[in-house]
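Below is one structure, written out as structure tokens; the observations come after it.
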Amino acid sequence: MSKLTLAIHGGAGTILKSMLTPELEKLYDDGLQNALDAGYAILEKQGSALDAVAAAITSLEDNELFNAGRGSVFTKKGINEMDAAIMDGSNLQAGAVAGVRNIKNPIILAKEIMLHSGHVMLSGNGAKEFALNRGIEQAPDEYFFTKYRYDQWIEIRDSDYYQLDHKEDNLKGMPHEDKKFGTVGAVALDAHGHIAAGTSTGGMTNKRFGRIGDSPIPGSGTYANDKTCAISCTGHGEYFLRAVVAYDVSGLMEYKGLTLQEACHIVVKEKLVALGGEGGLIAVDALGNYDLCFNSEGMYRGVKTSGGINKVAIYKD
Ligand code: ASP
């Protein structure tokens, strides 16, 4: 049996200890731990890495603290448009949705697209129609409304500025209790030696109508290949798209023979930094090596393994 491993993230960015009250910090820790437990329970029952990734992400999407599903940020038009992707490292199958509205769990829709649409990615109304036909759960606009995200958008909606929801400059004047951050993702290694990755996001606050980030793009924000690694990214998507981050990590392992940690370090701490891209990623390989790597002040993250590791963290070590 393989070493079971599940790693998750809830977004990276300017996340400083001074920004979170102990109460809010505990809510984040609990949210991360619940997601780890939900995904790991599947791995323990010999379930697939794919299902574990979907379960962990569903838990994070349902938690309004995170910028995915329920807690998604607002676009320039004042609506929520979500992106998500999932990838199976055992066969390189992938499913993705872009710019969808009113889907309670975009990661479930991405998985359904992978398994039943004959395509890799559906967007907007086409994705919605497919979701309706497949009986995927919908939710009304009110479900996605969170006051903090709304206020965050109101502050910048008249500008051409768009931002990660966890930039320090958009926190000025906000009560500390109201901080809600984080695109979400998960990577897993199952008992059968297979790995998978998934990512789900509301994107960036005040993003243009129709803007699609890195999260749903296989190879950029999400990638899995049993031969190399499973990766889920978070950060300023435009840079992650241009740097093809997730596949670059895989490529460095496959073609250059680097270890998982070496490849993650080069891509996140050297190449992305040189480009100006803030953020991070979580990674696992088929041997159970993992990395939680970021170049920002913090990243909501967690890992649970059959080797007895079970931890969540927020700030730089
Ligand atoms: N990468 C996401 C995007 O650009 C945002 C995030 O990770 O917070 O849509």
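We're numbering straight along the sequence, starting at 1. Indexing begins at 1, ligand by ligand and atom by atom, following the structure's order.
Proximity of S215 to ligand 1 is established by a heavy-atom distance of less than 4.0 Å. Using 4.0 Å as the threshold, G11 has no heavy atom nearer than that to any atom of ligand 1.
Ion pairing between D291 and K269 fails under the 4.0 Å rule for side-chain N and carboxylate O. Ion pairing between K207 and E238 fails under the 4.0 Å rule for side-chain N and carboxylate O. Look at R70 and E61 and you find no salt bridge, because none of the NZ, NE, NH1 or NH2 atoms lies under 4.0 Å from a carboxylate O.
Within the cation-pi definition used here (under 6.0 Å to the ring centroid, within 45° of the axis), K17 does not qualify as a partner of Y315.
Between I107 and A84, the shortest heavy-atom contact is N-CB, 4.0 Å.
Of the listed options R211, H9, K207, R211 places a heavy atom closest to atom 4 (O) of ligand 1.
Residue contacts with ligand 1: G213 is placed with no nitrogen or oxygen under 3.5 Å of a nitrogen or oxygen of the ligand (distance criterion only). Here's the thing with T183: one of its N/O atoms is less than 3.5 angstrom from an N/O atom of ligand 1.
Residue-ligand proximity, D214 to ligand 1, at heavy-atom distances under 4.0 Å covers atoms 1 (N), 2 (C), 3 (C), 4 (O). Which parts of ligand 1 touch T234 is read off a 4.0 Å heavy-atom cut-off, strictly below it: atoms 6 (C), 7 (O), 8 (O). Atoms of ligand 1 found under 4.0 Å from any heavy atom of M204, numbered from 1 in the order shown, are 4 (O).
The 12-atom threshold is not exceeded at CG of N125, counting heavy atoms of other residues, nucleotides or ligands nearer than 6.0 Å.
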